[in-house]
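Heads up, the thing below is written out as structure tokens.
If you're wondering where the values come from, they're calculated on a predicted model, not measured in any experiment. For this chain, numbers begin at 1 and follow the sequence in order.
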Amino acid sequence: MSITASRSTSTLAGFISGGRTWIGHAEEAHKYEGAVPRQDAVDLLSFPVVEGSIHSVVITEDGVDDIIDESRKSIIRLDTRETFGVFKQGYKPHLYPKWLVENVDLLLDGGLAIGTVALTNGGARAILQAEMPEDRIATAPGANPVPHRPHISAMTSLDGSIATTYGIGTRVLICENELSLAGFRSLAKGFSRFTKIRHTSGSLGRALEVRENLGIVAEEIGDAFDEQFRTLVAEYVSDAKWDEFVKAYTGVDKAKEGRSKTMAQGKADALNTLWRSDERAAPWKNSAYGVLAAANTAQHHVFGADKGRVERNQNRVIQDEWAKFDTSVLSILASV
């Protein structure tokens with residue numbers, strides 16, 4: 001099936017039969033029961049990109065003057081005629097098929113297959129995630145198990161907003177949440193979470209370095225999450241401490257009466273529902289993992305408007321916001 005890059009189809013979502021509910025309901029997502037076919041990924045990412053000159057027309061006292069800035073160039077998406085940015089001549093655009101598909105081919109290990117491909121901001125940014133086709137189950141004594149899928153993420157941009165970045169993480173399937181290994185208090189030894197490659201003339205041919213820097217092995221990524229799950233689920237969190245966490249996280253006690261108070265109370269109510277009765281967090285109630293699951297789920301699926309949620313969540317992956325968010329949640333928990 002041929003997929004054409006467009007604003008109407010911005011996401012390819014694989015493994016829908018594995019319970020990917022939130023992305024599966026997105027109108028802008030093209031869904032697959034199994035992995036995303038490689039050619040479909042290439043097709044989505046292969047819109048025409050050209051470099052343009054910087055030409056200005058100015059009006060002076062002597063008339064009209066044409067000025068060409070030979071030190072700079074523009075990057076343009078030709079089919080939509082959108083200018084993604086203006087850069088110095090040394091800037092090298094990393095075209096998506098090569099940097100997000102061909103280079104990932106070199107990194108794949110342990111049977112990983114393409115699970116998600118997405119364009120955001122009209123194609124100015126893109127992400128490809130390759131994951132294990134089968135669930136990994138994290139277990140801990142006396143706790144409900146957590147099905148998850150380790151993955152590698154490849155991300156880059158044509159608007160200069162991010163360097164080309166390759167990273168590791170895992171996706172919790174019951175809530176379709178993105179969890180970064182960096183969100184936990186102690187990383188498994190030997191992992192470098194991200195490798196970044198700048199858009200320069202010396203950036204070409206560096207893909208083979210990425211594997212060594214990331215230490216990408218699917219089983220090792222899974223082992224790292226399993227270890228941290230056991231640590232967090234063993235950390236007891238009383239209902240009283242949870243209440244203090246909710247107050248600190250939402251600011252509901254300090255919010256001024258009116259809209260601010262209403263919004264903060266809405267977030268507090270949503271967190272309490274997740275903690276007490278929602279299958280995405282309640283099975284791990286009274287543990288640090290339950291706190292993280294509730295807050296992460298709320299940020300993914302509850303807080304904010306539903307319109308544009310899929311692209312918003314993908315942009316958070318691209319901008320490394322989930323790792324910062326998870327770290328912040330655990331820091332707040334430790335402080336109350």
T165 side-chain N/O to A163 backbone N/O, donor-acceptor pair under 3.5 Å: yes

In one Ile/Leu/Val/Met/Phe/Trp/Tyr side-chain cluster, 4.5 Å: L95, L119: yes

Donor-acceptor side-chain pairing of Q129 and S153 below 3.5 angstrom: yes

Euclidean distance, S74 OG relative to F84 CZ, rounded to 0.5 Å: 11.5 Å

Under 3.5 Å: donor-acceptor pair, side chain of Q89, backbone of R72: yes

Electrostatic pair R276-D239, nearest N-O below 4.0 angstrom: no

Side chain proximity check, L78 to V49, heavy atoms < 4.5 angstrom: no

Approximate separation, where rounding is to 0.5 Å, of T120 OG1 and E311 CD: 5.0 Å

Side-chain H-bond candidate by donor/acceptor type, D40 with H30, under 3.5 Å: no

Side-chain H-bond candidate by donor/acceptor type, D159 with N121, under 3.5 Å: no

Pair K73 + E51, salt bridge at N-O below 4.0 Å: yes

Same cluster (ILVMFWY, side-chain, under 4.5 Å), Y249 and V252: no

Close aromatic pair by centroid cut-off 6.0 Å: Y32 and F15: no

side-chain hydrogen bond (donor to acceptor under 3.5 Å, both in side chains) assessment of T60 paired with D62: CA-CA 5 Å; T60 68; D62 299 325; 4.8 Å; no

Heavy-atom pair with the smallest gap, counting every atom of F47 and D79: CB-OD2, 3.9 Å

Mutual orientation of the aromatic rings belonging to H94 and W99 [parallel < 30°, tilted 30-60°, perpendicular > 60°]: parallel

Side chains of T116 and V36 in contact at under 4.5 Å (non-hydrogen atoms): no

Six-ring centre of F303, K267 cation under 6.0 angstrom, axis tolerance 45°: yes

Student check: side-chain heavy atoms of R38 and V101 closer than 4.5 Å: yes

Heavy-atom side-chain contact between L232 and L292 under 4.5 Å: yes

Between OG on residue S46 and NZ on residue K98, distance to nearest 0.5 Å: 13.5 Å

Under-4.0 Å salt bridge between K241 and E244: no

Greater than 12 external heavy atoms within 6.0 Å of I59's CD1: no

In one Ile/Leu/Val/Met/Phe/Trp/Tyr side-chain cluster, 4.5 Å: F87, I76: no

Donor on one side chain, acceptor on other, D278 and T273, under 3.5 Å: no

Under 3.5 Å side-chain donor-acceptor pair for R125 and T156: no

W242 and W275 aromatic ring geometry - parallel, tilted or perpendicular at 30°/60° bounds: parallel

